[in-house]
**Student:** 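Handing you a structure now.
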Amino acid sequence: MPKAHVYKRDHINTDEIIPARYLNTDNVVELAKHCMEDLDAGFVKKCKAGDVIVAGADFGCGSSREHAVWALQGAKVAAVIAQSFARIFYRNCINCGFYPIELPDAPNLFKTGDEIEIDYEKGLINNKTQGTTIQFKPLPDFAIAIIKDGGLLEHIKKS
Amino acid sequence: MPMTITEKILANASGKKSVSPGELVDANIDVIMCHDVTTPPAISMLKEHGIDRVFDPNKIVVTPDHFQPAKDIKSAELHKRLDAWAKEKGLKYYYKLGRAGVCHALLPEQGHIRPGEVIVGGDSHTCTYGAFAAFSTGIGSTDLAAAIATGRLWFRVPESIKFVLNGSLPRGVYSKDVILEAIRIIGVDGALYRAMEFVGTALKNMSMEARMTITNMAIEAGGKNGIIGYDEATKEYLDKHLRDLKDYRVFSSDPDAAYVQTIEIDCSKLEPMVAFPHLPSNGKKIGECAGIEMHQAYIGSCTNGRIEDMRVAARIIKGRQLAIRTIIVPATPLIWKQCKDEGLFETFYDAGCVIAAPTCGACLGGFMGILAEGERCISTTNRNFVGRMGHPKSEVYLASPATAAASAIEGVLADPRKYL
């Protein structure tokens, strides 16, 4: 069962998600090894496929590097739930077929290790550990369509 | 319907009479900026998806800058991919090593930025070009790929915040101090998704170089774009720098255009500012923080690596010995040459600085001045996030070139006004 990794912090930036010293490659496997390294050096070891990051406001601020999303995808993170997202990162997520979930008060609704299940289209998060169901505003249909197709370029190709 | 300059440019680019905030528009792109970190992945994506084309080989400007000259084998491979693509597609404006420079200093200098246009780039500081009354914003590699292939991108028309810069700058206070103060006031997400429009008397005496420092850091407040209206200074710069396409269209905000917020700053009362780790919004007046020990000074980047930044630093440094290692990075080859011709290099050399080739270098922790654990750097760059210039336990303090130069002399955060 996917688990939550909670970082009670605002403004977690793309330098922390993937430090620029690793931007000399766009190889996803390489990038994934350093995912979240400057925020939590142990993250990659802890993270299991399908896990979710929970954070405060303005997640993904700073550099436009899409490498940040690729690093998260490479580390098999399924989604980021944050109070709010920085603009370029948010757009990059959708373009890459990755779910950014906006949820006010996000860091206070989960504890690290909580087992969760997400229905992206209905906008529901089931926190199995705490026995709570949390509603969020689902992404607009066109964004969900892009994500389901695996990203913007796949979507353009299909449509 | 009254509109802001940002709204007018987006309306024009999407073939509409008017647009309002929140509306999604499909806009024609006039210029695409490509560099060595985010463009090679975009090229690969296009090839993988079988849409390996460029919409117009005359509207894409390419310059390696982040890791140039190549810092290691992997970055050399990125440059190789960029080079092969630029040649294969016959791109008209491809700046190779020797003419390549920090993108946001290079494009205006080489005449690629025109008012009224929509400019995108695979770099968050693409907002810099808004100093020329253009709409300009940073995008990721997938959007970059889509723009390269189609010449179009969708945008949500942003609400605008108006910053009224009143008064004029006192001695020793620069446009960097103004934007650090603006970010201190609204916070690093204070302008999230919004346009930051700068007006006011303080802009009148600011050069285009100084204005670019302001729009450059719009992203540090979360802004979608930063923008400054067209005036005599804009015209004068463009007359000197535009080469092939000299026509452009000037848009300006209607007097009754709507803003979600108006922030007034009395620039006459500003002091030199230093943004403390680890957010650009942690600005303090130099008077409140002078004396903190530094280990390195870095003068360069797309924020403050232009010729007038070099002149200010040289003026303060001239005839003095520096207490800490100091790295000077002229942002473009032309600025490098100007420094040489004006004798600034001699000043820097005599004081004990190292002078680098144009590169983004250590600003983003790439190379050419990386910090060790526990070290502190006074830097003219734009971000002071955790690990930005090196070890996760190093610290970056953002300031103007004058404050960085004064601090280099003393080895501690120092007020530049005593040296002017």
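Just so we're on the same page: letters track the sequence lines, and every chain starts at 1.
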**Student:** Checking B:Gln296 now: which residues fulfil side-chain hydrogen bond (donor to acceptor under 3.5 Å, both in side chains) with it, not counting sequence neighbours?
**Tutor:**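 If we apply the side-chain hydrogen bond (donor to acceptor under 3.5 Å, both in side chains) test to B:Gln296, skipping adjacent residues, the hits are B:Arg325.
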**Student:** Tell me every residue that passes ring-ring contact (aromatic ring centres under 6.0 Å, His included) with B:Tyr193, counting only those two or more places apart in sequence or in another chain.
**Tutor:** none
**Student:** With side chain to side chain contact (heavy atoms under 4.5 Å, CB included) as the test, would you mind laying out the steps for B:Cys34 and B:Ile60 before giving the verdict?
**Tutor:** CA-CA 7 Å; B:Cys34 290; B:Ile60 297 170; 3.8 Å; yes
**Student:** Shorter than 4.5 Å, heavy atoms on both sides: which option in A:His11, A:Glu16, A:Glu37 has the most such pairs with chain B?
**Tutor:**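 Answer, by heavy-atom pair count under 4.5 Å with chain B: A:His11.
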**Student:** Parallel, tilted or perpendicular: which fits the ring planes of A:Tyr99 and A:Tyr120, with parallel below 30° and perpendicular above 60°?
**Tutor:** parallel
**Student:** Return yes if some donor-acceptor pair links the side-chain N/O of A:Asp114 with the main-chain N/O of A:Thr129 below 3.5 Å, else return no.
**Tutor:** no
**Student:** Measure from NZ or CZ of B:Lys71 to the centre of the six-membered ring of B:Phe67, then state whether that distance is under 6.0 Å and the direction lies within 45° of the axis.
**Tutor:** yes
**Student:** What residue in B:Glu48, B:Lys224, B:Lys393 has the most heavy-atom pairs under 4.5 Å with chain A?
**Tutor:**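 Heavy-atom pair counts peak at B:Lys224.
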**Student:** Considering only heavy atoms and a distance below 4.5 Å, find which of A:Arg91, A:His67, A:Lys157 pairs most often with chain B.
**Tutor:** A:Arg91
**Student:** If I measure from the heavy atoms of chain A, does B:Ile139 come under 4.5 Å with its side chain, its backbone, both, or neither?
**Tutor:** backbone
**Student:** Among A:Asn13, A:Leu152, A:Asp38, which has the most heavy-atom pairs under 4.5 Å with chain B?
**Tutor:** A:Asn13
**Student:** Answer with side chain, backbone, both or neither: which region of A:Tyr22 has an atom nearer than 4.5 Å to a non-hydrogen atom of chain B?
**Tutor:** neither
**Student:** So what's closer than 4.5 Å to chain B heavy atoms on A:Glu30: side chain, backbone, both or neither?
**Tutor:**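 Answer is side chain: those atoms of A:Glu30 sit under 4.5 Å from chain B.
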**Student:** Highest number of heavy-atom pairs under 4.5 Å with chain A: which of B:Ile51, B:Thr38, B:Leu279, B:Ile370?
**Tutor:**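 Winner by heavy-atom pair count: B:Leu279.
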**Student:** Is it true that the NZ or CZ of A:Arg65 lies under 6.0 Å from the centre of A:Trp70's six-membered ring and within 45 degrees of the ring axis?
**Tutor:**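 No cation-pi geometry.
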**Student:** Among B:Asp143, B:Leu78, B:Asp123, which residue has the highest count of heavy-atom pairs closer than 4.5 Å to chain A?
**Tutor:** B:Asp143
**Student:** Taking side chain as everything from C-beta outward and backbone as N, CA, C, O, which of these in A:Ile88 sits under 4.5 Å from a heavy atom of chain B? Side chain, backbone, both or neither.
**Tutor:** side chain
**Student:** Side chains of B:Arg152 and B:Ser14: is there a donor and an acceptor less than 3.5 Å apart?
**Tutor:** no
**Student:** If you count heavy-atom pairs under 4.5 Å with chain B, which of A:Thr14, A:Asp10, A:Asn24 comes out on top?
**Tutor:**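 Among A:Thr14, A:Asp10, A:Asn24, the one with the most close pairs to chain B is A:Asn24.
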**Student:** Examine whether an atom of B:Asp72 lies under 4.5 Å from a heavy atom of chain A, and if so say whether it belongs to the side chain, the backbone or both; otherwise answer neither.
**Tutor:**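 The side chain, not the backbone.
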**Student:** In plain terms, say whether B:Glu197 and B:Arg194 are close enough for a salt bridge, that is, a side-chain N and a carboxylate O under 4.0 Å apart.
**Tutor:**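 Looking at B:Glu197 and B:Arg194, the cut-off is not met.
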**Student:** Taking A:Ala41, A:Ala86, A:Gly151, A:Gly62 one by one, which has the highest count of heavy-atom pairs under 4.5 Å against chain B?
**Tutor:** A:Gly62
**Student:** So for A:Asn95, is it side chain, backbone, both, or neither that comes closer than 4.5 Å to the heavy atoms of chain B?
**Tutor:**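 Backbone plus side chain of A:Asn95, per the 4.5 Å heavy-atom cut-off to chain B.
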**Student:** Side chain, backbone, both or neither: which part of A:Arg21 has a non-hydrogen atom closer than 4.5 Å to chain B?
**Tutor:**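 Both backbone and side chain.
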**Student:** Give the C-alpha distance, both sets of side-chain angles, the deciding distance and a yes or no for side chain to side chain contact (heavy atoms under 4.5 Å, CB included) between B:Val396 and B:Leu371.
**Tutor:** CA-CA 9 Å; B:Val396 179; B:Leu371 302 173; 4.3 Å; yes
